[in-house]
Amino acid sequence: MPAALVNVPAKAKRGAVIEIKTLMSHVMEPGYRHTAAGEAIPRDIITSFTCRFNGTEIFRADLFPAIAANPFLSFFTTARESGRFEFEWIGDNGFVASASATITVE
């Protein structure tokens, strides 16, 4: 079962730039490798990541076979209001995972 770790400050001052960090536990397979018998190992990667704040998309990343296993993403946003961050990872073979975190802006 995939596991997501997200790091969002619990509180921030209005107008402060905050860093958001995410880590998704996922064994990435780029689709370029072969078994000892010569059979191709099918691709199995996370293809996209989206972060929404109070329902509005604020960050998106498209991922490709060169991304490492357990992809770590870090990005910045400005704290304007209290609310909820929703994180979503989508990948091959029907992979979908999500997480959320809240922030209080003072």
Side-chain angles (χ1 to χ4, degrees):
M1 181 82 177
L5 297 174
V6 296
N7 185 322
V8 174
K11 294 182 181 181
K13 291 187 178 185
R14 189 172 313 280
V17 175
I18 60 169
E19 183 177 17
I20 297 172
K21 299 175 185 176
T22 69
L23 177 76
M24 172 51 65
S25 175
H26 186 279
V27 178
M28 306 287 262
E29 181 55 57
Y32 303 133
R33 297 181 329 130
H34 292 81
T35 65
E39 297 174 9
I41 300 171
R43 187 178 98 157
D44 186 11
I45 67 168
I46 295 174
T47 56
S48 71
F49 168 79
T50 306
C51 175
R52 293 177 182 81
F53 181 71
N54 290 340
T56 302
E57 185 177 299
I58 62 167
F59 182 84
R60 172 182 289 275
D62 292 325
L63 307 175
F64 298 91
I67 194 76
N70 306 320
F72 170 79
L73 295 167
S74 173
F75 57 96
F76 295 86
T77 190
T78 303
R80 300 191 197 299
E81 63 184 358
S82 297
R84 183 178 191 83
F85 290 95
E86 297 287 337
F87 306 97
E88 182 180 52
W89 295 261
I90 297 174
D92 293 333
N93 307 315
F95 178 86
V96 178
S98 62
S100 63
T102 58
I103 188 170
T104 301
V105 175
E106 302 169 334

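One-based numbering along the sequence shown.
- For A69, the side chain to side chain contact (heavy atoms under 4.5 Å, CB included) test picks out M28, with sequence neighbours left out.
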| field | Pair T77-I20, side chain to side chain contact (heavy atoms under 4.5 Å, CB included): steps then yes or no | value | CA-CA 8 Å; T77 190; I20 297 172; 3.8 Å; yes
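- Counting only residues at least two apart or in different chains, salt bridge (charged side-chain N to carboxylate O under 4.0 Å, His left out) contacts with residues 93-106 comprise K11-E106.
- With sequence neighbours left out, the ring pair (Phe, Tyr, Trp, His ring centres under 6.0 Å) criterion links F87 to no other residue.
- The nearest pair of heavy atoms linking V6 to S100 is CG2-O, 4.2 Å.
- Sorted by first and then second residue, the salt bridge (charged side-chain N to carboxylate O under 4.0 Å, His left out) pairs involving residues 59-73 (not counting sequence neighbours) are E57-R60.
- The side chain to side chain contact (heavy atoms under 4.5 Å, CB included) search around V17 returns F76, T78, not counting sequence neighbours.
- Nearest heavy-atom pair across N54 and G83 is OD1-CA, 3.2 Å.
- The nearest pair of heavy atoms linking I103 to P9 is CG1-O, 3.3 Å.
- For the pair A12 and A79, the tightest heavy-atom approach, listed with the atom from each and the gap, is CB-CB, 3.9 Å.
- Residues I45 and F64 share a closest heavy-atom pair of CD1-C, 3.7 Å.
- Put simply, the side chain of T47 gets close to the backbone of I90: a donor and an acceptor are under 3.5 Å apart.
- Among residue pairs with one or both ends in residues 32-45, those qualifying as salt bridge (charged side-chain N to carboxylate O under 4.0 Å, His left out) are E29-R33, R43-D92; sequence neighbours excluded.
- Under the side chain to side chain contact (heavy atoms under 4.5 Å, CB included) criterion, K21 pairs with N7, E19, F72, S74, not counting sequence neighbours.
- Among residue pairs with one or both ends in residues 70-84, those qualifying as salt bridge (charged side-chain N to carboxylate O under 4.0 Å, His left out) are R84-E86; sequence neighbours excluded.
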| said: Using the rule given for side chain to side chain contact (heavy atoms under 4.5 Å, CB included), can you reason through I58 versus F85, listing the C-alpha separation, both sets of side-chain angles and the distance that settles it, and then say yes or no? | reply: CA-CA 9 Å; I58 62 167; F85 290 95; 3.7 Å; yes
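- For the pair F49 and F59, the minimum side-chain heavy-atom distance is below 4.5 Å.
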